[in-house]
Colleague: 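Pasting a structure here, questions to come.
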Amino acid sequence: MRKKINKYDVALILVIIAVNVLILIYGSNNMIQETEKIAYVYSNNELVGRYTLTDDYETEFKVENEKGTGYNTVRIEDGKIWIHEATCPDKICLHQGKIHNGGEVIVCLPNRFMIQIKGSTDNSDPDDIDIIAQ
């Protein structure tokens with residue numbers, strides 16, 4: 001004996017299709033947002049600025065520490081961010097170089113300054129070497 005599809009079966013199928021379409025739309029919007037790389041700049045453990053790293057955005061700015069005895073000059077260019085100039089005695093923050101991948105951090109302890117990138121962790125740049133093993 002065959003059962004016929006009733007109106008409740010059709011309604012259930014339509015609800016399932018609608019939920020799947022909503023999940024696809026929501027998921028694609030989140031994927032686009034996750035590919036953004038955002039640099040968070042902190043001074044004295046407080047957020048000073050939030051910058052989206054894109055290839056067409058360039059800027060340079062100076063952040064002084066709370067005592068006014070030191071500063072860091074930050075440069076953003078070609079989707080990368082780095083410390084261009086600093087008054088700290090060891091200059092380790094200058095030697096950390098340009099960063100552009102999610103999860104990378106530059107820290108200047110004497111000036112209580114930090115840059116952290118959150119967002120995409122795409123390491124597709126062939127010049128970036130993560131590890132070499134023999």
Side-chain angles (χ1 to χ4, degrees):
M1 184 166 115
R2 295 179 95 182
K3 292 186 177 183
K4 292 185 179 180
I5 297 177
N6 61 24
K7 62 183 178 181
Y8 298 110
D9 294 333
V10 172
L12 179 63
I13 291 169
L14 290 176
V15 167
I16 291 172
I17 290 172
V19 167
N20 284 324
V21 168
L22 290 175
I23 289 172
L24 285 173
I25 291 171
Y26 179 75
S28 65
N29 285 341
N30 280 348
M31 258 175 100
I32 292 170
Q33 291 173 359
E34 286 180 9
T35 59
E36 279 188 348
K37 293 182 274 186
I38 301 171
Y40 293 90
V41 178
Y42 297 91
S43 179
N44 301 316
N45 213 15
E46 294 180 11
L47 184 65
V48 174
R50 178 180 178 267
Y51 302 92
T52 303
L53 301 178
T54 59
D55 290 337
D56 58 348
Y57 179 71
E58 293 184 17
T59 189
E60 184 172 309
F61 56 92
K62 185 178 189 178
V63 179
E64 291 189 19
N65 64 8
E66 64 185 3
K67 298 176 185 174
T69 58
Y71 67 88
N72 292 76
T73 303
V74 178
R75 180 96 178 123
I76 301 173
E77 187 177 316
D78 296 328
K80 297 178 181 177
I81 187 168
W82 67 96
I83 295 178
H84 181 67
E85 183 182 354
T87 59
C88 56
D90 53 10
K91 307 285 191 224
I92 292 174
C93 55
L94 291 173
H95 300 296
Q96 290 180 356
K98 300 176 181 181
I99 61 174
H100 62 281
N101 291 322
E104 292 182 318
V105 177
I106 296 176
V107 177
C108 181
L109 289 177
N111 289 340
R112 298 180 48 101
F113 182 81
M114 180 177 79
I115 301 170
Q116 180 180 22
I117 297 180
K118 295 182 182 176
S120 175
T121 57
D122 179 24
N123 295 325
S124 61
D125 190 358
D127 295 332
D128 288 344
I129 298 174
D130 189 26
I131 189 169
I132 298 176
Q134 290 184 358

Colleague: Does E46, at its CD atom, have more than 12 non-hydrogen atoms belonging to other residues, nucleotides or ligands within less than 6.0 Å?
Modeller: no
Colleague: Taking atom CG of N45 as the centre, report whether more than 12 heavy atoms of other residues, nucleotides or ligands fall under 6.0 Å from it.
Modeller: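 Open.
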Colleague: Would a distance-only check, ignoring hydrogens and angles, find a side-chain to backbone donor-acceptor pair under 3.5 Å from N20 to I16?
Modeller: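 Checking the backbone N and O of I16 against the side chain of N20, a donor-acceptor pair under 3.5 Å is found.
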Colleague: If I take atom CE from residue M114 and atom CG from residue L109, how far apart are they, to the nearest 0.5 angstrom?
Modeller: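 Rounded to the nearest 0.5 Å, the CE-CG separation comes out at 10.5 Å.
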Colleague: Cluster question for you: counting only ILVMFWY and a side-chain heavy-atom cut-off of under 4.5 Å, with indirect links fine, are Y42 and V63 together?
Modeller: no
Colleague: How long is the span from the CD1 atom in I106 to the CD1 atom in I81, to the nearest 0.5 Å?
Modeller: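 Output value for this atom pair is 7.0 Å.
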Colleague: Which heavy atom of C93 sits nearest a heavy atom of I83, and at what distance?
Modeller: CB-CD1, 3.5 Å
Colleague: Would you compute the distance between atom CD of E64 and atom CZ of F113 and round it to the nearest 0.5 angstrom?
Modeller: 12.0 Å
Colleague: Are more than 12 heavy atoms from other residues, nucleotides or ligands located less than 6.0 Å from atom CG of L22?
Modeller: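 Enclosed: over 12 neighbouring heavy atoms sit under 6.0 Å from CG of L22.
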Colleague: Kindly compute the distance separating CD1 (I13) from CD1 (I5), expressed to the nearest 0.5 Å.
Modeller: 5.5 Å
Colleague: What heavy-atom pair brings Y71 and N111 nearest, and what distance separates the two atoms?
Modeller: O-ND2, 3.3 Å
Colleague: Looking at K62 and E85, is there a salt bridge between them, counting it only when a charged N and a carboxylate O are closer than 4.0 Å?
Modeller: no
Colleague: Closer than 3.5 angstrom, by distance alone: can the side chain of E104 be matched with the main-chain N or O of Q116 as a donor-acceptor pair?
Modeller: no
Colleague: Could you tell me which non-hydrogen atom of A86 sits nearest to which non-hydrogen atom of L94, and how far apart they are?
Modeller: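 Distance-wise, the nearest heavy atoms are N-CD2, 4.1 Å.
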Colleague: What verdict does the ring-ring contact (aromatic ring centres under 6.0 Å, His included) test give for F61 and Y51, after you've listed the backbone C-alpha separation in whole Å, the side-chain angles of each residue and the deciding distance to 0.1 Å?
Modeller: CA-CA 12 Å; F61 56 92; Y51 302 92; 4.8 Å; yes
Colleague: Does N101 reach the side chain of I117, with side-chain heavy atoms less than 4.5 Å apart?
Modeller: no
Colleague: Between E60 and T73, is there a side-chain heavy-atom distance shorter than 4.5 Å?
Modeller: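 Yes, at least one pair of side-chain atoms sits under 4.5 Å.
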Colleague: Checking side chain to side chain contact (heavy atoms under 4.5 Å, CB included) between I115 and each of V105, I76, I99, V48, which is the one that passes?
Modeller: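 For I115, the side chain to side chain contact (heavy atoms under 4.5 Å, CB included) check succeeds only for I99.
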Colleague: How long is the span from the CD1 atom in I38 to the NZ atom in K118, to the nearest 0.5 Å?
Modeller: 9.5 Å
Colleague: Can you measure from NZ (K98) to CD (E77) and round to the nearest 0.5 angstrom?
Modeller: 6.5 Å
Colleague: Taking all atoms of both residues into account, what is the closest heavy-atom pair of K37 and H100, and its distance?
Modeller: CD-O, 2.8 Å
